[in-house]
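Quick caveat: nothing in here was measured; it's all calculated off a predicted structure. Each chain gets a letter, A, B and so on, in the order the sequences are listed, and its residues count up from 1.
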Amino acid sequence: MEENKNARNSGKNEETKPSLNFIEQIIEEDLRQNKNQSRVHTRFPPEPNGYLHIGHAKSICLNFGLGIKYNGLTNLRFDDTNPLTEDVEYVDSIKEDVRWLGFDWEEREYYASDYFEQLYEFAVKLIKKGKAYVCDMSAEEISANRGTPTRPGKESPFRGRSIEENLDLFAGMRKGEFSDGEKVLRARIDMSSPNMHMRDPVLYRIIHAHHHRTGNDWCIYPTYDFAHGQSDSIEKITHSICTLEFEVHRPLYEWFIKELEIFPSRQIEFARLNLSYTVMSKRKLLELVKKNLVNGWDDPRMPTICGLRRRGYTPESIRTFAERIGVAKRDNVIDVAFLEHCIREDLNHRASRVMAVLNPVKLVITNYPEGKTEEMEAVNNPEDESAGKRFVSFSREIYIEREDFMEDPPKKYFRLSPGNEVRLKYAYIIKCEDVVKDASGNITEIRCTYDALTRSGSPESNRKVKGTIHWVSVQHACEAEVRLFDRLFMKENPEDTADGEDFKMNLNPDSLKVITGYTEPAASSPAVLEKFQFERLGYFCADYDTKPGKPVFNRTVTLKDSWVKVDKNSD
RNA sequence: UGUCCUGUGGUGUAAUUGGCAACACGUCUGACUCUGGAUCAGAAGAGCCCAGGUUCGACCCCUGGCAGGACAACCA
């Protein structure tokens, strides 16, 4: 007993080996057995019919991460088998996003459409083996005859066609002798299989449409089931990783490998990412875009990669996020707070600090000489000395946040209030002497005095005051448009709607607030996507809409704020 | 009422593959602080879906339940 405990403890202290997720365990077992000549080859296989989102990022990081970890390769393959929904616009954005995330597929950019000829030959092979047939039933008829999960289906009357006839008909399909929907090629498996996907699945359908890569070369297109696994085989993918909903397809995936006698890629399924307060389905995201409920795919409130990028997320933060959420087979919902934690953690180390006042109220230091200006030394990043220092101009009139002043403060309020002292960051300790209000009682000006001995850095500046607040000199302030984002949905699970209601009911009406704020000059002409921490407020990054002299900032995330809790508790 | 998958603190992921549960986020204390940030120290929180069984011993094995999810596009 004692010995066991000691052994365990010492083992823990020596090296806590990062535990392997179940996919890594499978791979390492395969490696141990020297499968595939100990080769690891994965692929990321998006369909170019939409923009990538954070859920895809999980898959990208997983697939490319495995390739890197096991010294293998990872392909980028576009699963472009449906000309009706796909477009080059999407392949371009997908490539950009994968690259931005920091992954490199080198020369291995593949397309399922590149394999159309070979896939066609595979189909012919199946026909010749008597394992596929041309069926003349309509989609509705096929569906009606497929049965239900609990009831077996009925065999197609065309199931018994001769190999010759099937070959001839299939060739005719390719040649364009039939119209859309007139015929399909089906696998001949088992109409009474308990697995719906084994009930003579459709392999090819007729679609007279222009394909973004093959143009009008084809009018028959393979279905997912007949394209995906075979593409894996063609590329000699060792581990074909996909999400859970394809689990029931695996028997079919393996059936094709067996019947076609092709490279046995191994399909492994994992649970897709769900994020609280977020919808992740392409269909729903598309709907938000189409109905202008957001401003496009790259709206900073969107969970798309391009949206997160515009919001101010870094590739590193998304990668560590993807790594830390882990991979398993059980359904999961990750708290967005965790994503936010990852970006804060990253930005904390790399974002330059700057002072900005977003909800300004003027403050006049009555005993400070008019016209005088001082240059206050400020640290660019306390977490990174190499970020250096800068000077911030200080003068008699400054802006502070309205929230940093209260006429009737609660007990634990550390900020400015009548008769109270507070430090102006990098400057002086001031004391509130008076408040000026307009006719309706709104505070228009706060009047203070300063203690000249307390200038930051000076020998006698060490007097302690409870609060430190940020400020911007009125005379030196730079105007900026600032976009404050909040979560897009008010409900933790936006798809959980009362009967008949739509997920859009749960949209947060206040997810975007646009204001004008003041920053110090250091943030007056940011590069696009340049990141800052506005002291005490949060992380912000320059939006694409930034013009010379007209900065636009997006709030990436607020800083953690333990005051809101204190405030709430003091009610 | 078919087949397949899943079921560990609030959330997510672990447990050297049978030795009474760890890490992260979150929460709560306290220290420190010219960001009520960061950092540091610490605490609470699951007894592993349930019931049997095997075993000296089970989160890990067996049996039976229960719960959740996936599957009935010529989408992927």
With a 4.0 Å limit, can you tell me whether [X] has a side-chain N or O closer than that to the phosphate oxygens OP1/OP2 of [N]?
X         : N      : answer
Gln267(A) : C5(B)  : no
Arg330(A) : G7(B)  : yes
Arg344(A) : U35(B) : no

Since syn is defined as within 90° of 0, does [N] count as syn or as anti?
N      : answer
U39(B) : anti
A67(B) : anti
G26(B) : anti

Of Phe414(A) and His341(A), whose nearest nucleotide on RNA chain B comes first from the 5' end?
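Taking each residue's closest nucleotide, the earlier one in sequence belongs to His341(A).
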Start at the 5' end of RNA chain B and walk down; is the nucleotide closest to Ala271(A) or to Thr150(A) reached first?
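Looking at RNA chain B, the more 5' nearest nucleotide goes with Thr150(A).
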Using the [atom1] atom in both, what is the distance from [N] to [M], to the nearest Å?
N      : M      : atom1 : result
C5(B)  : C20(B) : C1'   : 28 Å
U17(B) : G30(B) : P     : 43 Å
C25(B) : U6(B)  : C1'   : 23 Å
U55(B) : G2(B)  : C1'   : 36 Å
U8(B)  : G68(B) : C1'   : 16 Å
C66(B) : A76(B) : C1'   : 34 Å

Checking [X] now: which residues fulfil side chain to side chain donor-acceptor pair (under 3.5 Å) with it, not counting sequence neighbours?
X         : value
Asp335(A) : Ser276(A)
Lys531(A) : none
Arg555(A) : none

Salt bridge (Lys or Arg N to Asp or Glu O under 4.0 Å) against Arg463(A), all qualifying residues, sequence neighbours excluded:
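Expected list: Glu421(A), Asp451(A).
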So, using salt bridge (Lys or Arg N to Asp or Glu O under 4.0 Å) as the criterion, who are the partners of Arg536(A) when residues are at least two apart?
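Expected list: Asp404(A).
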For [X], report the nucleic acid contact type (base, sugar-phosphate, nothing); a contact means any heavy atom under 4.0 Å.
X         : answer
Val327(A) : sugar-phosphate
Lys560(A) : sugar-phosphate
Arg415(A) : base
Tyr413(A) : base
Gly457(A) : base
Arg186(A) : nothing
Pro382(A) : base

Separation of [N] [atom2] from [X] [atom1] (nearest whole Å):
X         : N      : atom1 : atom2 : answer
Asn332(A) : A14(B) : CG    : P     : 10 Å
Glu401(A) : G36(B) : CD    : P     : 12 Å
Phe532(A) : G37(B) : CZ    : C1'   : 18 Å
Asp225(A) : A76(B) : CG    : P     : 8 Å
Glu323(A) : A14(B) : CD    : C1'   : 15 Å
Asp335(A) : U11(B) : CG    : P     : 10 Å
Arg272(A) : A76(B) : CZ    : P     : 18 Å
Glu340(A) : A38(B) : CD    : C1'   : 17 Å

If I take atom CG from residue Asn274(A) and atom CD1 from residue Ile334(A), how far apart are they, to the nearest 0.5 angstrom?
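Atom-to-atom, Asn274(A):CG and Ile334(A):CD1 are 8.5 Å apart.
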Nearest 0.5 Å, please: how far is CG in Leu416(A) from SG in Cys448(A)?
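So the SG of Cys448(A) and the CG of Leu416(A) are separated by 5.0 Å.
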Name all pairs fulfilling the salt bridge (Lys or Arg N to Asp or Glu O under 4.0 Å) condition that reach into residues 340-350 of chain A, sequence neighbours left out, sorted by first residue then second.
Glu316(A)-Arg350(A), Arg324(A)-Glu345(A), Asp346(A)-Arg350(A)
Pairs meeting criterion salt bridge (Lys or Arg N to Asp or Glu O under 4.0 Å) with involvement of residues 180-197 of chain A, two or more places apart
Asp136(A)-Lys183(A)
Check: U17(B) base within 3.5 Å donor-acceptor of Gln25(A) side chain
no
Between the side-chain atoms of Arg324(A) and the base atoms of U13(B), is any donor-acceptor pair under 3.5 Å?
no
Centres of the His228(A) and Tyr224(A) rings: under 6.0 Å?
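Under 6.0 Å, so yes.
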Aromatic centroids of Phe394(A) and Trp471(A) separated by under 6.0 Å
yes
Can Glu235(A) and Arg43(A) be counted as an ion pair, charged N to O under 4.0 angstrom?
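Here Glu235(A) does not pair with Arg43(A) in a salt bridge, since their nearest N and O are not under 4.0 Å apart.
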Involving RNA chain B, stems made of at least three consecutive Watson-Crick or G-U pairs, both distances under 3.5 Å:
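Runs of three or more consecutive pairs: B:2-7 with B:66-71, B:10-13 with B:22-25, B:27-31 with B:39-43, B:49-53 with B:61-65.
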Does atom CD of Glu385(A) have more than 12 heavy-atom neighbours, drawn from other residues, nucleotides or ligands, at distances under 6.0 Å?
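For Glu385(A), atom CD is not crowded (no more than 12 foreign heavy atoms under 6.0 Å).
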Face-to-face stacking of Phe338(A) with G26(B), centres under 5.5 angstrom, angle under 30°
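It does not: the ring fails the test against the base of G26(B).
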Could you go through nucleotides 39-50 of chain B and list every protein N or O atom that sits under 3.5 Å from one of its N or O atoms, giving the distance for each pair?
none

Phe534(A): which residues meet the ring-ring contact (aromatic ring centres under 6.0 Å, His included) condition with it, sequence neighbours left out?
Phe540(A), Phe553(A)
Partners meeting ring-ring contact (aromatic ring centres under 6.0 Å, His included) with Tyr204(A) (sequence neighbours left out)
Phe170(A), Phe226(A)
Side chain of Arg353(A) only, please: which of U35(B), A14(B), U6(B) is the nearest?
U35(B)
Would you tabulate the pairs of protein nitrogen or oxygen atoms and nucleotide nitrogen or oxygen atoms of nucleotides 66-75 of chain B closer than 3.5 angstrom?
residue, atom, partner, partner atom, Å
C71(B), O2', His197(A), NE2, 2.9
A73(B), OP2, Ser143(A), OG, 3.1
C74(B), OP1, Arg146(A), NH2, 3.3
C74(B), OP2, Arg146(A), NH2, 2.9
C74(B), N4, Met137(A), O, 2.8
C74(B), N4, Ala139(A), N, 2.8
C74(B), N4, Gly181(A), O, 3.3
C75(B), OP2, Arg205(A), NE, 3.0
C75(B), OP2, Arg205(A), NH2, 2.6
C75(B), O3', Arg205(A), NH2, 3.2
C75(B), O2', Asn82(A), ND2, 3.2

